[in-house]
Structures are given as structure tokens and as C-alpha cells.
There are 2 protein chains.
Amino acid sequence: MESNALGILRQYDLRHTDTRENILNSFLQKTTALSHSDVETSLSDGFDRVTIYRTLKTFLDKGIIHKILDDNGGVKYALCKDQCASGHHHHDHVHFKCSECNETFCLEKFLIPEIILPEGYQRKDINVLVQGICPKCN
Amino acid sequence: MESNALGILRQYDLRHTDTRENILNSFLQKTTALSHSDVETSLSDGFDRVTIYRTLKTFLDKGIIHKILDDNGGVKYALCKDQCASGHHHHDHVHFKCSECNETFCLEKFLIPEIILPEGYQRKDINVLVQGICPKCN
DNA sequence: AGATTTTTTGTAATCAAAACGCAAATTTAG
DNA sequence: CTAAATTTGCGTTTTGATTACAAAAAATCT
């Protein structure tokens with residue numbers, strides 16, 4: 001994936017707007033996953049809540065960002081590193097949430113081991129959230 | 001764990017009330033995980049929303065039920081089968097959500113494989129949600 | 001049983017998160 | 001530059017969740 005906002009927008013066939021550029025830059029600058037409200041506060045110019053919802057949904061649909069489940073029933077988002085296309089996310093890495101600093105990270109290099117399912121269950125997508133203490137808080 | 005509501009309440013040192021008995025029975029009767037609103041609609045007598053929140057929290061704290069993350073940023077609950085005590089949940093099984101019927105199941109017999117973490121990350125709790133098609137919808 | 005203490009519940013109010021419809025503004029294409 | 005299509009902002013509404021407080025119910029103790 002490109003590493004600048006405009007390039008990404010072009011690559012994914014999205015119109016270039018202030019909101020999208022700014023939100024993408026937020027993701028590019030942070031190493032942690034961002035919730036809707038994280039995104040909202042990361043933007044100095046006050047973009048509308050609803051616009052942010054829609055932008056996140058657009059990015060999600062296009063395969064630019066992926067969802068990360070939060071333990072308290074919330075959702076965070078982070079950039080997809082590669083091999084995600086429109087409507088086809090391919091993630092096999094582990095997510096880690098630190099219970100100390102409450103940050104969530106993608107452990108891109110650490111893949112989800114094979115998970116055996118009972119007969120008849122068809123796997124489509126897997127989400128693994130490990131909670132614990134991150135190196136910084138340790 | 002006992003398989004009748006009153007027994008469970010006694011076992012966990014909880015007072016026997018209508019709400020608790022009814023909510024426990026909802027869980028005992030269903031094989032799927034229930035959200036707050038699932039519980040609410042499963043009760044014929046109209047118990048108050050707030051009471052249901054509190055009851056779920058109580059059960060959670062006592063180790064009677066456990067949290068299951070939902071992909072859309074929600075939380076569902078299901079009975080703990082065993083080895084959970086007050087404040088000490090021990091779950092190592094996989095959760096499965098069917099994207100067809102939207103039901104979530106505990107796959108009690110299917111354990112989470114060991115997940116390798118980078119140096120310095122300290123694991124405390126793991127949550128695995130597999131999404132796909134369940135046998136009934138296949 | 002009856003009275004007391006403690007816990008639990010219901011109500012109302014509050015607050016935040018998320019969704020929808022529509023009109024205005026912006027981007028792209030011609 | 002103009003027109004068409006998309007995106008955005010705003011008002012409104014719905015839903016989810018939490019709090020404070022008074023009423024009700026459960027357990028305890030004569």
C-alpha cells in the first residue's frame with residue numbers, strides 16, 4: 001500500500017476530499033488502532049461526526065482499513081498492510097490490546113495459527129484479540 | 001455448573017429473585033450467546049432494562065456468564081461451563097458467529113491454539129471470534 | 001410470624017453512540 | 001465553465017448505557 005494519503009485515494013479510486021486525506025493521515029501517522037472518537041479528536045479541523053462514520057465505512061468497504069474488536073464492545077480501525085481488496089479483507093495477524101495504556105496494536109508479523117472447527121462450520125473471517133501488557137507499560 | 005437456575009444462584013451465593021431466575025433460564029434454554037436486547041426480548045414478563053444490565057453485570061462478575069465480542073462492536077453473553085470463579089474467568093474456547101443467521105455459539109470443545117507474541121508482550125486474556133456459516137445455514 | 005436490615009428493583013433523567021433524510025457544497029468529467 | 005455525480009454538514013431520531021433515588025423484595029433475627 002502507498003504511504004501517502006493522496007496515493008492511497010487514487011489507488012482505491014476514491015475522490016480526493018479534505019476529510020479523507022486528513023483521516024488517512026491520522027492512520028498513517030499513528031502506529032495504533034483508532035476508534036471513531038480517536039479519529040474525531042485527531043483532526044484539528046472539526047469534521048462532522050457523521051462524515052467520519054461514513055468515511056470509515058467507505059475505507060472499510062474498499063479494503064483500506066480493517067476492523068479490530070475491542071473488549072468493551074467497541075470497534076477500532078487500522079490500515080490494511082496489503083492483499084486487501086474491495087470487499088475482500090485478508091487478515092491473519094493477531095491484535096493486541098494493552099490493558100494498561102488501552103492502546104491496540106496490529107502484530108502484523110504474528111499470524112493466527114490454524115483454528116480447528118467442528119464439522120460443518122465454514123470459516124470466513126477470524127478475529128483474534130489478545131489482551132495484556134505491552135512492552136512500553138511493562 | 002448446575003443446570004437449574006435456583007441451584008446456580010445458590011452455588012454462587014446470589015439471592016433468589018425473579019429476574020435472576022428468569023434470565024438464567026433464558027441462558028439455560030438457548031444454545032446461542034445472548035445480547036442484552038436478546039435477553040430483554042426473551043423475557044415474557046417485562047423486566048426493566050436497567051435491571052437486566054445489572055443482572056448481567058452481576059453474573060459476569062461472579063463468573064456465571066462470560067463476554068463474547070461481536071463483530072459490529074457489541075457484546076453477547078453465554079454461560080461459563082466450568083472452572084470460572086468470581087473475578088477469574090478461564091476461557092480457552094473459540095467463538096463462532098454465523099453471518100447468515102447472526103447467531104453466536106461457544107465451541108466449547110474447540111480450544112484456542114497457542115498464540116505466539118513478540119518479545120515483551122504479556123498475555124492475559126485471549127478472545128477468538130470466527131465468522132462464517134454455521135451447519136444449519138449451510 | 002413479625003420486625004429489621006440488606007439487597008435488589010423500577011423509574012426518571014441523563015449522556016453518548018450511531019443512523020437517516022435532505023439540502024448545500026465540493027469534486028470530477030465534458 | 002458548466003453539468004452531473006458524489007460527498008459533506010446539519011437536524012432529527014433511535015438506540016445503548018449509566019446514574020441517583022425511592023420503593024419493593026429477600027434474608028436475618030428475635
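Values reported hereafter were calculated over all heavy atoms of this structure, with side chains retained and with hydrogens, waters and symmetry mates removed. Because the structure is a prediction, the values reported are computed rather than measured. Sequence lines set the chain letters: A, B, ... in the order given, protein chains first and strands last, and positions in each chain run from 1.
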**Request:** Provide, to the nearest angstrom, the distance between the CD atom belonging to A/E21 and the P atom belonging to D/dT8.
**Result:** 12 Å
**Prompt:** Excluding sequence neighbours, so at least two apart, what forms side-chain hydrogen bond (donor to acceptor under 3.5 Å, both in side chains) with B/N127?
**Reply:** none
**Request:** Please list all pairs passing the salt bridge (Lys or Arg N to Asp or Glu O under 4.0 Å) test where one or both residues lie in residues 14-28 of chain A, with sequence neighbours left out.
**Result:** none
**Request:** Check the distance between D/dT7's P and A/I52's CD1 and give it to me in whole angstrom.
**Result:** 16 Å
**Message:** Mind checking if A/S37 touches a base, just sugar-phosphate, or nothing, with heavy atoms under 4.0 Å?
**Reply:** nothing
**Message:** Measure CG/A/D45 against C1'/D/dG9 and give the value in whole Å, please.
**Reply:** 14 Å
**Asked** Between atom CG in B/D48 and atom P in D/dA17, what is the gap in whole Å?
**Response** 14 Å
**Request:** Output all residues satisfying side-chain hydrogen bond (donor to acceptor under 3.5 Å, both in side chains) with A/K57, sequence neighbours left out; order by chain, then residue number.
**Result:** A/D61
**Prompt:** In chain order, what residues pass the side chain to side chain contact (heavy atoms under 4.5 Å, CB included) check against A/P135, with sequence neighbours excluded?
**Reply:** B/Y121
**Request:** May I have all residue pairs that pass salt bridge (Lys or Arg N to Asp or Glu O under 4.0 Å) and include part of residues 46-55 of chain A, sequence neighbours excluded?
**Result:** A/E40-A/R49
**Request:** Calculate the interatomic distance between A/K57 atom NZ and D/dT8 atom C1'; express it in whole Å.
**Result:** 17 Å
**Asked** When all nucleic acid strands are considered with a 4.0 Å heavy-atom cut-off, which category describes A/T58: base, sugar-phosphate, or nothing?
**Response** nothing
**Asked** Where along nucleotides 18-30 of chain D does protein come under 4.0 Å, by heavy atom, of base (B) or sugar-phosphate alone (S), with - for untouched nucleotides?
**Response** BB------BS---
**Prompt:** Mind checking whether B/F105 and B/F96 have parallel, tilted or perpendicular rings, split at 30° and 60°?
**Reply:** tilted
**Request:** Name all residues meeting the salt bridge (charged side-chain N to carboxylate O under 4.0 Å, His left out) criterion together with B/D38; count only those two or more places apart in sequence or in a different chain, and write none if there are none.
**Result:** none
**Item:** Span of DNA chain C, from the first to the last nucleotide whose atoms fall under 4.0 Å of chain A heavy atoms
**Value:** C/dA17 to C/dT28
**Item:** Sequence neighbours excluded - ring pair (Phe, Tyr, Trp, His ring centres under 6.0 Å) pairs with any residue from residues 27-56 of chain B
**Value:** B/H36-B/Y53
**Message:** Would a single hydrophobic cluster contain both B/I112 and A/V128, if residues Ile, Leu, Val, Met, Phe, Trp and Tyr are joined by side-chain heavy-atom contacts under 4.5 Å?
**Reply:** yes
**Item:** Most 5' of B/V75 and A/T51 on DNA chain D, judged by nearest nucleotide
**Value:** A/T51
**Item:** Five-pair end axes of the helix from C/dA1-D/dT30 to C/dG30-D/dC1, angle between them (10°)
**Value:** 30°
**Prompt:** Taking only residues two or more places apart in sequence or in another chain, which ones pass side-chain hydrogen bond (donor to acceptor under 3.5 Å, both in side chains) with B/E100?
**Reply:** none
**Asked** What residues, two or more places apart in sequence or in another chain, satisfy side-chain hydrogen bond (donor to acceptor under 3.5 Å, both in side chains) together with B/S42?
**Response** B/S26
